[in-house]
Number of protein chains: 2
Amino acid sequence: MSLKLLAATLNLSITTVSRALDGYGDVAPATRDRVMAAAEAMQYRPNAAARRLRRGSTEVVSLVLPTGPGRFDEPLYLELMSVMGERFAERGYDLTLLAAPPGPDEMKTYRRLVEGRRADGLIVVRTRRQDPRIAYLLGTKMPFVVMGRSDTPGLYPFVDGDGEAAFAAATRDLAALGHRHIAHLAAPAALTYATLRRAGYERAMDELGLPRQVVECDADEQAARAACSELLAGAAPPTAILCATDRMALGVLRAARERGLSVPADLSVVGHDNLPAGAYSDPPLSTMELPLAETGDLLARMLLARIGGAPPDDTMQAIIPIRAVPRGSVAPPR
Amino acid sequence: MSLKLLAATLNLSITTVSRALDGYGDVAPATRDRVMAAAEAMQYRPNAAARRLRRGSTEVVSLVLPTGPGRFDEPLYLELMSVMGERFAERGYDLTLLAAPPGPDEMKTYRRLVEGRRADGLIVVRTRRQDPRIAYLLGTKMPFVVMGRSDTPGLYPFVDGDGEAAFAAATRDLAALGHRHIAHLAAPAALTYATLRRAGYERAMDELGLPRQVVECDADEQAARAACSELLAGAAPPTAILCATDRMALGVLRAARERGLSVPADLSVVGHDNLPAGAYSDPPLSTMELPLAETGDLLARMLLARIGGAPPDDTMQAIIPIRAVPRGSVAPPR
DNA sequence: TTGAAAGCGGTACCAA
DNA sequence: TTGGTACCGCTTTCAA
């Protein structure tokens, strides 16, 4: 079904048909109705490629997931996609997901997207402090929004949770329960969120006059389990561990069990992300959560505005509060 | 950067440049090298829309996730995407993810995809016994592959786990441990997998001469929790529950805890899917797993073949064995 | 109010 | 081995 065919059927020019379908005013109402009816009857759908070529836009927005095979385990981003997808669909955009593991090929994916005009806008997630993706995109005309922050200089829209405040608050909460040995299991410092969360913990510990104890490891269960085993075997093992992520916290739970420690009686554990797995762990994991509905909504709005031509400004930068999700993995120390 | 510009810079025709870039043989090696070098230097990337319009192909393959907002919780499909994404990338295809909750608008998404030529191929997941998506696609020229099966008549490529055999085996395993009251928590019968798994359970129970006990509910934690509470409050509560999915099994774990039952001592629980949450539940959930790497690989191969023009035939239909993942939620009855 | 025609950026046929 | 050119399907001036 092409415009040509539709026009031929109607004995009209493709010009008129096109305008009628786009709802232009300079088309006779009778003609418009006739066209609409025929389009409906013949199940006309405009060819996306032709439309894109002509208009120079793709009606596609892409989110590139920085995770490789087997690590595609972030319900977080799916939840985000679901919220944003709705917003974009309302405006006629497809939200598509691409996978591009960090590494030498990562930038290729972005270049292909940008230079091949494969999307009208991009969503960047899992930001790093020095983020080559942001640096690259700032040098292009491609509208993009960022979930998270970066030290990469430049003005661009972003939405991030206030990880620093949240981790400071969580630290104070643990101290208020009586904990004195509170350790922080930090994610790799190259990730912005890791640095912010760590800073929150450190600030609170300093203010409380408590000695910091930070261990850094990869943000997955295995690495956290190993790091935690070591920590617990040390001279002055902590009575509480504040973990940068839930995946790490799950590893900690396992390490504690392996050492015969009972959580939360012997060890309190707190995570961040509110992963589904945390709700069903033993014990249920106390955690924190970035409101994804709000985040996605803001990001979508910002990106749509940027695509519409609005320049990035500092009203397009939001840091939103992180919500505590208390469950069963926190208690006063013995 | 367009072909035109590149050609002008090189003092060549766009024809020659185009062919040089596509690696055709009828271009002088010297010219080809010159073109390649210039394209590299000028960072030439073909315009995707133009190429698509001309070639009539999109270089895009889409997977439509039949889940709505807040229900975007299937690590399964992400894992699958990751595997398939690699295969497709090797061949120059982008794999994109779209969300289309089942309901009146679901078919609209498919029609838009098909009639707007927005993809060269489709992957259909979460099949139903009567599946309007498959029925529709069979009537179009759009190549597609299915993860799962359907009663919808017609010849199309699919890959599915052998849920019937797996659930029969799991039932026999429970019986071998001494269980006599084995219940099955079934997912809605409209879903093909639900029917197959139930059939496996029923067949095994019949063969064992044990009385069947089937409860059907939605395939999520809440519904399963409620259904299980009722089941456990009944006259002859089961000593083992075989759940159609892990999400349901997690709900059962919770229901058991709420009734003060200890798993696996008082109640054995088995799920299916090998969700991450099951590895960290209390106790760790015994489950089953469809090998996703193999499944994704097969599906990708089949779809690529279909896109390449191969007709669907019965060599493109695979039923693969499901692997048992024993963990801590199964024991002999007290 | 309608239609003719140019052109978006490639690809592929045909001729040179 | 190279170049001219038609054309993919649509949008959008410009003219009628």
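Labels below follow one simple rule: chain letters A, B, ... track the order of the sequence lines, proteins then strands, and each chain is numbered from 1.
- The nearest whole Å value for the distance from the CZ atom in A/Arg19 to the P atom in C/dG3 is 9 Å.
- Residue order along DNA chain D, read from the 5' end via each residue's closest nucleotide, puts B/Asn11 first among A/Ala50 and B/Asn11.
- At C/dG9, none of the side-chain N or O atoms of B/Tyr44 fall inside 4.0 Å of OP1 or OP2 (strictly under the cut-off).
- With rounding to whole Å, B/Arg55 atom CZ is found 13 Å from C/dC13 atom P.
- Between the CD atom of A/Glu115 and the P atom of C/dG9 there is a distance of 15 Å, given to the nearest Å.
- Position along DNA chain C of the nearest nucleotide to A/Thr31 versus A/Ile14 favours A/Thr31 as the more 5'-ward residue.
- C/dG10 atom P lies 9 Å from atom CG of B/Leu6, rounded to whole Å.
- The residue B/Thr15 sits close to a base: some heavy atom pair falls under 4.0 Å.
- D/dG9 atom P lies 17 Å from atom CZ of A/Arg45, rounded to whole Å.
- Summarising the local packing, CZ of A/Arg117 is surrounded by 12 or fewer heavy atoms from other residues, nucleotides or ligands at distances under 6.0 Å.
- With distances taken from any side-chain atom of B/Thr16 to the nucleotides D/dT2, C/dG9, D/dT12, the minimum falls on D/dT2.
- One can place CZ of A/Arg54 at 8 Å from C1' of C/dA6, the figure rounded to the nearest angstrom.
- Atom CG of A/Leu53 is separated from atom P of C/dA6 by 17 Å (rounded to the nearest Å).
- Counting heavy-atom neighbours within 6.0 Å of B/Arg91 CZ, excluding the residue itself, gives a total of 12 or less.
- Atom pair A/Asp33:CG and C/dT1:P shows a separation of 13 Å (rounding to whole Å applied).
- Using modelled atom types and a 3.5 Å distance limit, the side chains of B/Ser62 and B/Thr96 yield a donor-acceptor pair.
- Between the side chains of B/Asp131 and B/Thr152, no donor N or O sits under 3.5 Å from an acceptor N or O.
- Contact annotation: the side chain of A/Val60 never approaches that of A/Tyr93 to less than 4.5 Å [non-hydrogen atoms, C-beta and beyond].
- In this structure, of D/dC8, D/dG3, C/dC8, it is D/dG3 that holds the atom nearest to the side chain of B/Ser13.
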